[in-house]
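Whatever order the structure lists ligands and atoms in, that order sets their numbers, starting from 1. Counting begins at 1 with the first residue of the sequence. As the structure is a prediction and not an experimental result, all values here were calculated from the model.
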Amino acid sequence: MRKVTINTLMAWKKEGRKFASLTAYDASFAKLFEAAEVPVLLVGDSLGMVLQGKDDTLDVSVDDIAYHTRSVRAGSQHTLLMADMPFMSYATPEQACANAAVLMRAGANMVKLEGGSWLVDTVKMLTERAVPVCAHLGLTPQSVNIFGGYKVQGRDQDAAEQMVRDALLLQNAGAQIILLECVPRALAERITQALEVPVIGIGAGNATDGQILVMHDICGISANYIPSFSKNYLAQCGSMQGAVETYVAEVTQGIFPGADHGFD
Ligand code: KIV
């Protein structure tokens with residue numbers, strides 16, 4: 001696979017070419033994912049749930065993400081590698097800079113932060129200091145205790161309008177990717193069309209530029225539960241390689257996510 005950069009994804013958005021993405025936590029799977037032409041990998045703080053067996057992501061540390069980022073980078077030199085900034089590691093712009101530096105030095109190409117307009121100054125500060133940012137909107141799992149559970153976001157008109165405004169503000173502050181999690185498909189489509197930067201969706205319908213899934217979910221082996229918007233490709237294909245190749249093909253061809261893998 002040729003090296004994937006943000007310019008690759010920007011060009012694909014312009015061409016209308018969809019792309020797949022997966023979470024990854026170690027070198028062996030990262031190597032397999034790169035061989036299957038997955039262009040974007042995320043060391044997600046979902047590792048708190050799928051690797052550490054916790055009920056949420058709040059106990060994940062910057063060191064945890066840095067460790068797994070190093071491992072994933074060792075297995076995949078050509079993917080665009082995003083690393084999650086854990087809970088409270090970006091509470092202030094200064095903290096964000098210090099912690100993002102750790103993740104960039106571990107091999108990340110971009111960091112991902114959860115939140116809306118309150119992050120504008122942080123995104124500006126990071127991007128002005130050469131740290132590319134993906135901003136995560138919608139169901140932001142670090143806010144599970146504010147939301148009172150893992151629930152679809154942006155269903156009422158005010159929340160939907162706020163999410164559109166937040167996405168534009170974050171893009172204008174310098175975010176180079178917006179990730180939408182558990183958002184009604186019409187809202188995700190509206191945001192994708194309104195933005196110049198690529199939008200990656202998870203449980204956000206098939207109109208986004210990219211899709212991402214947690215690798216354990218496509219294998220049907222997540223420690224807690226498998227979300228309804230995911231798909232067990234391992235059961236369908238019988239091998240890990242086949243599962244990933246089929247996922248990539250279905251996303252690229254606009255087959256996944258289908259009608260039963262999203263929300264209205
Ligand atoms: O932590 C993670 O794996 C994520 C994805 C679900 C997008 O944020």
Worksheet item: To the nearest 0.1 Å, how far is atom 5 (C) of ligand 1 from its closest protein heavy atom, and which atom is that?
Response: Leu42 CD2, 3.8 Å
Worksheet item: In terms of atom number and element, which parts of ligand 1 are under 4.0 angstrom from non-hydrogen atoms of Thr23?
Response: 3 (O)
Worksheet, complete the sentence: So the atoms of ligand 1 within less than 4.0 Å of a heavy atom of Asp84 turn out to be 1 (O), 2 (C), 8 (O)
Worksheet item: Does a side chain donor of either His136 or Lys112 reach within less than 3.5 Å of an acceptor in the other side chain?
Response: yes
Practice prompt. Please answer whether the main-chain N or O of Leu9 pairs with a side-chain N or O of Arg17 as donor and acceptor at a distance below 3.5 Å.
Written response: no
Item to complete: Decide, yes or no, whether a salt bridge links Lys14 with Glu196 under the criterion of side-chain N to carboxylate O below 4.0 Å.
Response: no
Worksheet entry | Given Glu34, Lys3, Arg2, the one that forms side chain to side chain donor-acceptor pair (under 3.5 Å) with His78 | Glu34
Worksheet item: What protein heavy atom is closest to atom 8 (O) of ligand 1, reported as residue, atom name and distance in Å?
Response: Lys112 NZ, 2.9 Å
Worksheet item: Has ligand 1 got any nitrogen or oxygen that is less than 3.5 angstrom from a nitrogen or oxygen of Asp45?
Response: yes
Worksheet item: Which of the atoms in ligand 1, numbered in the order shown and given with their element, are less than 4.0 Å from a heavy-atom of Gly44?
Response: 1 (O), 2 (C), 3 (O)
Response to the item:
Short version for Leu47: what comes under 4.0 Å of ligand 1, heavy atoms counted, is neither
Discussion item. Does either side chain, that of Gln162 or that of Asp166, offer a donor lying less than 3.5 Å from an acceptor on the other one?
Written reply: yes
Fill in: Close approach of Glu114 to ligand 1, heavy atoms, under 4.0 angstrom
no
Discussion item. Checking a contact table here: which protein heavy atom is nearest atom 6 (C) of ligand 1, and how many Å away?
Written reply: Ile202 CD1, 3.7 Å
Discussion item. Can you confirm whether more than 12 heavy atoms, excluding those of Tyr67, are under 6.0 Å from its OH atom?
Written reply: no
Worksheet item: Are Tyr247 and Gln211 close enough that a side-chain donor and a side-chain acceptor fall under 3.5 Å?
Response: no
Practice prompt. Can you establish whether the number of heavy atoms outside Phe29 located under 6.0 Å from its atom CZ is more than 12?
Written response: no
Discussion item. As an exercise, identify every atom of ligand 1 less than 4.0 angstrom from a heavy atom of His136.
Written reply: 8 (O)
Worksheet entry | Heavy atom of the protein closest to atom 2 (C) of ligand 1 (residue, atom name, distance) | Ser46 OG, 3.3 Å
